[in-house]
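For this chain, numbers begin at 1 and follow the sequence in order. Both ligands and their constituent atoms are indexed starting at 1 by order of listing.
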Amino acid sequence: MLTVAILAAGKGTRMASSMPKVLHKLSGKTLLQRVIDSCNKLNPDKIFIIVGHKSKEVEDSVIKNDNIHFIFQNPQKGTGHAVQVLSKQVKKHEGKLMVLNGDVPLIKSETLKKLIKYHDSKKADVSLVTTKKKNPYGYGRVFTKDNLIESIVEEKDCNKNQSLNLLINAGIYCFNWKSLSKIINNLKSNNKQKEIYLTDTISLMKNSYSFEVEDNKELQGINNRVQLSECEETIQTLIKEKHMIGGVTFINPASCTISEESIIGLDVIIEANTHIRGNSKISNNCKIGPNSFIKDTIVNENCEIINSTIFNSKIMDHVKIGPYSHIRPNCEISPKSKIGNFVEIKNSQLDEEVKVNHLSYIGDSKVGKYTNIGAGTITANFDGVKKYQTNIGKNSSIGANTVLIAPIHLGDSVTTGAGSVITKDSKNNSLAIARSKQVNIENWKKNKS
Ligand code: UD1
Ligand code: MG
């Protein structure tokens with residue numbers, strides 16, 4: 001039987017934040033959720049999350065399942081105290097209890113599985129994940145003899161000699177729960193921080209083993225925002241390397257960020273300062289960037305997107321977007337269409353080969369095949385209370401600076417005169433023009449003042 005406890009009650013003072021530390025995000029996912037995701041893969045019988053500081057926010061952030069339970073620790077008197085509170089609230093202390101700090105977000109489930117195997121093979125009271133760090137500052141130092149741990153000394157309690165020890169505690173423990181229950185209430189807070197340390201349980205048990213792991217990036221704990229950014233870089237490097245090996249070119253990878261969920265096809269070229277977020281899919285042979293932000297969007301093959309922002313939309317094959325376009329949620333841009341400079345499109349469907357090349361706002365609209373939207377065209381979709389629809393048929397030519405006052409329906413092959421304010425529907429093949437006639441006053445002289 002495997003029970004998991006994740007410690008997430010602390011404030012995270014060193015983050016200097018109004019938000020609990022475990023709610024800070026790495027590549028879009030909270031630190032806590034990352035630890036939970038790794039633990040879920042072990043199929044434990046139960047996962048207890050110890051919450052305290054801003055507990056409601058922390059609970060609300062978690063993706064729930066039947067195995068997840070919350071334990072309230074208040075006040076927060078240290079990591080050992082957190083496990084004392086858990087032990088009191090859970091009556092049966094059977095099998096293994098794996099305890100993880102909620103601020104070790106890169107831990108892989110494979111490593112946790114290896115820890116369990118190691119723990120079983122040693123019949124240990126506790127097995128602790130350790131690693132050697134070039135700069136161990138901030139971590140508890142682990143002192144061993146033949147892989148058996150004699151003690152852990154926290155940074156603040158180390159003397160000069162002890163602080164030179166490079167073997168550190170990663171904050172991930174596999175306990176024999178029965179052995180732990182016998183000593184958990186014996187912990188004292190006679191240390192510099194006056195806290196009840198979970199690390200003090202180790203020297204109170206006989207068979208305390210060090211399970212040393214080589215890749216210490218995976219074990220990076222996050223106590224401040226420098227470490228947060230280091231972990232972000234670690235994740236991003238892995239994501240981009242995976243895509244490069246899979247056939248994606250990054251011109252300047254360091255300046256780009258890609259979400260873990262995004263899918264990118266073959267021979268896609270990602271130019272500098274491009275960010276692909278959420279659940280996006282970029283298909284083969286696209287060229288994205290420089291300077292583009294794409295979120296929750298599907299981009300089909302052979303598209304070019306430059307200097308543009310796109311949210312939650314579908315872009316079909318051979319579409320060109322940008323520079324400086326903004327595609328807002330719920331747009332569908334059909335094949336071979338072209339969206340150009342300073343164009344904003346929202347909640348609209350554009351059929352094949354539509355052109356909106358310059359300075360337009362198209363909102364809540366449907367535009368038919370081969371239609372050209374002239375520079376400066378605006379769909380006036382909002383009357384101050386409600387939003388209305390604009391329909392434009394195929395093969396139409398909307399003149400420059402046309403304002404289409406929605407709700408409005410223009411048929412196929414309609415032309416509008418430049419500068420028109422169109423308020424009435426137009427049938428197929430008509431010319432709609434609504435502007436005052438030009439008056440020329442000849443030999444007109446300015447008043448002399
Ligand atoms: C802890 C370890 C240290 C180890 C390091 C690894 C202790 C005493 N020290 O130090 O040996 O090298 O992690 O990253 O355990 N928490 C609670 N309740 C509390 C206090 C903390 O749930 O009362 C939670 C925090 O929210 C956090 C985790 O426990 O997720 C660890 O606390 P933190 O203050 O970050 O411990 P470290 O100083 O990093
Ligand atoms: Mg920590």
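- For the residue pair His275 and Asn273, a side-chain donor N or O sits within less than 3.5 Å of a side-chain acceptor on the partner.
- Heavy-atom separations between His81 and ligand 1 are all 4.0 Å or longer.
- The single protein non-hydrogen atom nearest to atom 4 (C) of ligand 1 is Asn169 O, 3.2 Å, given as residue, atom name and distance.
- Side chain of Lys355 to backbone of Lys338: no donor-acceptor contact under 3.5 angstrom is found.
- In summary, the side chains of Ser163 and Glu155 do not present any donor paired with an acceptor at a separation below 3.5 Å, with no hydrogens or angles considered.
- No side-chain donor-acceptor contact under 3.5 Å links Tyr139 and Asn169.
- Of the protein's heavy atoms, Arg14 NH2, 3.0 Å lies nearest to atom 38 (O) of ligand 1.
- Gln33 has its side chain within reach of Val62: a pair of non-hydrogen atoms, C-beta onward, lies under 4.5 Å apart.
- Annotation: atom 9 (N) of ligand 1 to nearest protein heavy atom, Glu154 OE1, 3.0 Å.
- Of all the atoms in ligand 1, the ones that sit under 4.0 Å from a non-hydrogen atom of Ala170 are 6 (C), 14 (O).
- The protein non-hydrogen atom at the shortest distance from atom 25 (C) of ligand 1 is Gly10 N, 3.8 Å.
- Geometrically, ligand 1 and Gly102 share a nitrogen or oxygen pair separated by less than 3.5 Å.
- Neither side chain, Ser334 nor Ser337, offers a donor N or O lying under 3.5 Å from an acceptor on the other.
- Checking each of Lys386, Lys346, Lys387 against Asp364 for a salt bridge (Lys or Arg N to Asp or Glu O under 4.0 Å) leaves exactly one that passes, namely Lys346.
- Looking only at protein heavy atoms, the nearest one to atom 21 (C) of ligand 1 is Thr79 CG2, 3.9 Å.
- Ligand 1 has Lys21 within reach: a non-hydrogen atom of the residue lies less than 4.0 Å from it.
- Donor-acceptor pairing under 3.5 Å is lacking for the side chains of Tyr209 and Asp125.
- In this structure, Ile168 does not count as a contact residue of ligand 1, since none of its heavy atoms falls inside 4.0 Å of the ligand.
- Within ligand 1, counting atoms from 1 as listed, the ones closer than 4.0 Å to a heavy atom of Gln76 are 19 (C), 23 (O).
- Between atom 35 (O) of ligand 1 and the options Val22, Ile222, Asp103, the minimum heavy-atom separation is to Asp103.
- Between Phe293 and Phe311, the distance from one ring center to the other falls under 6.0 angstrom.
- Using modelled atom types, one finds a donor on one side chain and an acceptor on the other under 3.5 Å when comparing His81 with Gln73.
- Scanning the protein for heavy atoms near atom 29 (O) of ligand 1, the closest one is Leu7 CB, 3.4 Å.
- Distances from the Mg ion (ligand 2) show that Asn101 has no N/O/S atom below 2.8 Å.
- Between the side chains of Asn252 and Ser255, at least one donor-acceptor pair of N or O atoms lies under 3.5 Å.
- Counting only heavy atoms of the protein, atom 1 (C) of ligand 1 lies nearest to Asn101 ND2, 3.6 Å.
- Residue Ala9 has at least one nitrogen or oxygen atom sitting less than 3.5 Å from a nitrogen or oxygen atom of ligand 1, judged on distance alone.
- Taking 4.5 Å as the limit, some side-chain heavy atom of Val356 sits within range of a side-chain heavy atom of Val354.
- Summarising the contacts of atom 19 (C) of ligand 1 with Gly140, Gly78, Ala82, the nearest heavy atom is found in Gly78.
- Here the protein heavy atom with the shortest distance to atom 18 (N) of ligand 1 is Gln73 OE1, 2.8 Å.
- Residue contact check: Asn223 has heavy atoms under 4.0 Å from atoms 35 (O), 39 (O) of ligand 1.
- Closest to the Mg ion (ligand 2) among the N, O or S atoms of Asp103 is OD2.
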